[in-house]
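In what follows, every heavy atom counts, from backbone to side chain, and hydrogens, waters and symmetry copies are set aside. Model, not experiment: these values are computed from the prediction.
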Amino acid sequence: MKKIMIDGMSCQHCVAHVKEALEELGATSIEVNLDGKYAKAETSKNNQEIIDAIDEAGYDVISIEEI
């Protein structure tokens, strides 16, 4: 499980875009928290692939940690 801190999310549409980007990577157990500005997901993708997918969706990854 990875916790991804994300900058730039401000509404439920943002949450949907981030969730969709993670789903396209094949991530599972996805939780996107707007108030906390983070997403949690089970994924085997490396951090750069996650950063690239979220960046492509229009948001900035601040950090990624294993939890």
Side-chain angles (χ1 to χ4, degrees):
M1 178 75 72
K2 295 188 181 205
K3 183 175 183 180
I4 308 145
M5 299 303 297
I6 302 168
D7 190 36
M9 293 191 304
S10 60
C11 66
Q12 290 302 318
H13 290 289
C14 299
V15 168
H17 289 144
V18 168
K19 185 173 183 181
E20 183 179 309
L22 291 170
E23 286 172 343
E24 287 177 4
L25 283 179
T28 59
S29 302
I30 300 167
E31 172 195 339
V32 182
N33 185 298
L34 180 59
D35 293 332
K37 306 280 190 218
Y38 68 82
K40 291 181 183 176
E42 190 67 50
T43 180
S44 60
K45 298 295 184 183
N46 68 45
N47 288 356
Q48 192 58 55
E49 289 173 296
I50 295 167
I51 291 167
D52 290 346
I54 292 176
D55 182 61
E56 190 174 306
Y59 308 96
D60 296 316
V61 173
I62 304 303
S63 65
I64 300 175
E65 65 179 276
E66 295 284 340
I67 55 171

Can you measure from [atom1] ([X]) to [atom2] ([Y]) and round to the nearest 0.5 angstrom?
X: Ile54; Y: Ile4; atom1: CD1; atom2: CD1; result: 4.5 Å
X: Asp35; Y: Met9; atom1: CG; atom2: CE; result: 9.5 Å
X: Glu23; Y: Lys19; atom1: CD; atom2: NZ; result: 5.5 Å
X: Tyr59; Y: Asp7; atom1: OH; atom2: CG; result: 11.5 Å
X: Ile30; Y: Met1; atom1: CD1; atom2: CE; result: 10.0 Å
X: His13; Y: Glu20; atom1: NE2; atom2: CD; result: 12.5 Å

*asked:* For residues 45-66, which residue pairs pass the salt bridge (charged side-chain N to carboxylate O under 4.0 Å, His left out) check, not counting sequence neighbours?
replied: Lys2-Glu66
*Mind listing the closest non-hydrogen atom pair of His17 and Ala57 along with its distance?*
O-CB, 4.2 Å
_Give me the atom names and distance for the closest heavy-atom approach of Ala21 to Ala53._
CB-O, 3.8 Å
*asked:* Looking at Lys37, I'd like to know if its NZ atom is crowded, meaning that more than 12 non-hydrogen atoms belonging to other residues, nucleotides or ligands lie closer than 6.0 Å.
replied: yes
_Using the rule given for side chain to side chain contact (heavy atoms under 4.5 Å, CB included), can you reason through Leu25 versus Ile50, listing the C-alpha separation, both sets of side-chain angles and the distance that settles it, and then say yes or no?_
CA-CA 8 Å; Leu25 283 179; Ile50 295 167; 4.1 Å; yes
*Is Leu34 linked to Tyr38 within one hydrophobic cluster, defined over Ile, Leu, Val, Met, Phe, Trp and Tyr using a side-chain heavy-atom separation of less than 4.5 Å?*
no
*So, do Ile51 and Ile64 sit near enough that their side-chain heavy atoms are less than 4.5 Å apart?*
yes
